[in-house]
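Accompanying notes for the structure given below.
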2 protein chains.
Amino acid sequence: MTEGVLPEEAGPAAEPAAGARRPRRADAAPAAGGPRPRRSDATRAAILRAARDRFATDGYDRATIRAIAADAQIDPSMVIRYYGSKEELFATAAEFDLRLPDLSDVPADRLGVVLVSYFFTRWEGDSSLPALLRTACTNPSGAERVREIFADQLGTAVARVVADPAQAPRRAGLVASQLLGVALTRYVLRLPPMVDIPPADLIDWLSPTIQRYLRAPAGTA
Amino acid sequence: MTEGVLPEEAGPAAEPAAGARRPRRADAAPAAGGPRPRRSDATRAAILRAARDRFATDGYDRATIRAIAADAQIDPSMVIRYYGSKEELFATAAEFDLRLPDLSDVPADRLGVVLVSYFFTRWEGDSSLPALLRTACTNPSGAERVREIFADQLGTAVARVVADPAQAPRRAGLVASQLLGVALTRYVLRLPPMVDIPPADLIDWLSPTIQRYLRAPAGTA
DNA sequence: AGCGGAAGTCAACAAGCGTTGGCATATCGT
DNA sequence: ACGATATGCCAACGCTTGTTGACTTCCGCT
């Protein structure tokens with residue numbers, strides 16, 4: 001279900017967490033020029049993929065290391081060896097980029113529809129945001145992660161398109177409340193009416209809301 | 001933190017779950033006239049209160065029966081004795097009533113502000129909705145409970161005030177997406193901008209959104 | 001070829017979980 | 001006052017969890 005989502009999906013594989021006891025080799029390899037790919041990269045990637053899937057469908061607590069390892073068809077101990085602990089594995093798995101488009105050359109009156117359309121092309125068929133949401137609801141570091149993502153990524157994107165910079169965080173928060181609300185009801189809770197609405201209709205309904213949160217004059221009631 | 005919220009808060013105490021092995025006494029008491037209060041009602045209520053608190057802050061998995069029992073200052077086995085199992089305890093604890101006001105005599109152009117204002121007076125200082133949300137994110141029966149609540153309670157309330165009955169579920173879903181989105185970002189994830197906005201400002205921002213979801217003509221973009 | 005280290009397997013640990021049954025105490029009907 | 005019954009505590013069960021260490025297998029290098 002989880003598809004290519006993360007920056008390093010099939011890349012040179014994620015770095016192991018800081019605390020992980022790793023075979024010492026760092027000084028033997030040339031410092032510059034990038035780390036030579038290791039033989040275990042495929043396994044690392046498989047673990048990460050399985051972890052995202054499990055965290056997505058089960059949440060942090062119910063997603064067991066044993067289940068993740070079984071999905072990746074390796075031993076549970078390998079998960080610890082490569083990622084240090086369950087908490088660090090989650091931190092790595094939950095790392096993601098909204099990859100918001102550059103909104104600065106979008107006409108001001110089309111910001112809503114562009115942002116909403118983008119979020120749907122990003123979310124439909126990609127389970128990583130629901131995954132993060134699911135775990136953020138019960139796991140403190142998951143919640144912290146969501147706060148970071150929306151402060152850093154959505155916050156800065158919104159800051160570039162609002163009229164009054166001082167209003168940016170508030171407007172970004174409102175946008176997040178509606179967009180995460182849709183993600184929650186459609187992908188996590190699966191409220192039937194929200195699941196049934198075609199994306200195109202949803203875009204029509206939501207765009208004016210986001211447009212208003214972004215661009216409406218400050219005192220609008 | 002959790003305050004008087006549930007219908008039976010200090011009432012004659014919740015009925016134990018069906019499967020719970022209860023001392024057999026039913027035939028000794030008069031069938032009609034209501035069950036005489038039992039001596040253990042205080043304990044039952046304490047368990048339920050502690051359970052709501054724990055489920056609210058920790059979610060289903062992290063909220064352990066032992067912790068709940070410790071909060072209620074009784075033995076873990078009592079929780080099972082009175083509520084049958086953890087799952088049944090949760091089912092009882094998560095039972096709640098939105099207690100939506102009657103919207104049928106509200107002027108059509110004020111539905112948004114009335115509904116939003118009501119939800120804030122209901123949620124601020126009441127942790128039971130965040131509790132439900134937190135558990136619904138990872139627990140299947142929690143999610144089912146939210147679906148029921150919003151289909152039955154919000155769904156029917158909305159159905160009475162929309163123009164075209166066929167559009168009612170969709171409009172209710174949109175309303176839920178925004179209101180639950182606020183609950184999620186403000187109370188569960190605690191995104192700083194959403195936490196900081198005073199309720200009055202939030203009402204000003206959200207009311208037009210809800211108003212539009214409820215009353216805007218069908219094809220509005 | 002042979003050695004070093006990485007990759008992977010296996011069994012086990014300590015801790016925590018929900019749940020159970022037995023046993024002591026308190027309360028109430030008679 | 002006595003027996004019945006409700007109430008509560010204690011200790012333990014079977015199980016699952018994250019995590020660890022020892023052991024074997026495989027690959028790459030000199």
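Just so it is clear, the structure is predicted and the values come from calculations on it, not from any experiment.
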Rounded off to whole Å, could you give me the OH-to-P distance for the A:Tyr83 and C:dG8 pair?
12 Å
Are the side chain of B:Arg171 and the backbone N or O of B:Tyr213 linked by a donor-acceptor pair below 3.5 Å?
yes
Below 4.0 Å: OP1/OP2 of D:dT16 and any side-chain N or O of A:Thr64
no
Could you state the atom-to-atom distance from CZ of B:Arg66 to P of C:dG18 in whole Å?
7 Å
Could you check how far OH of B:Tyr82 sits from P of D:dT7, rounded to whole Å?
5 Å
Nucleotide C:dG18, atom P - distance to CG of A:Asp61 in whole Å:
11 Å
For B:Tyr187 and B:Trp123, take the angle between the two ring planes, folded into 0 to 90°, and tell me which bin it lands in: parallel under 30, tilted 30 to 60, perpendicular over 60.
perpendicular
Which nucleotide, C:dA7, D:dG18, C:dT19, lies nearest any side-chain atom of A:Lys86?
D:dG18
From CZ of B:Arg44 across to C1' of D:dT7 the rounded distance in Å is 10 Å
Check every atom of D:dC9, C:dC10, C:dT19 against the side chain of A:Asp75 and return the nucleotide holding the closest atom.
C:dC10
Looking across every strand, which nucleic acid part, if any, lies under 4.0 Å from A:Ser77 by heavy atom: base, sugar-phosphate, or nothing?
base
Using whole Å, report how far CD1 of A:Ile80 lies from C1' of D:dA22.
17 Å
Write down the distance between CE (B:Met78) and C1' (D:dG8), rounded to a whole number of angstrom.
5 Å
Determine yes or no for a side-chain-to-main-chain donor-acceptor pair under 3.5 angstrom, with B:Arg52 supplying the side chain and B:Ala93 the backbone.
yes
Test B:Leu132 against B:Arg145 for side-chain contact (heavy atoms from CB on, under 4.5 Å), laying out the working first.
CA-CA 8 Å; B:Leu132 191 58; B:Arg145 181 59 57 95; 4.1 Å; yes
When you match A:Ile74 and B:Pro76 each to their closest nucleotide on DNA chain C, which lands nearer the 5' end?
A:Ile74
Between C:dG8 (P) and A:Asp41 (CG): distance, integer Å:
10 Å
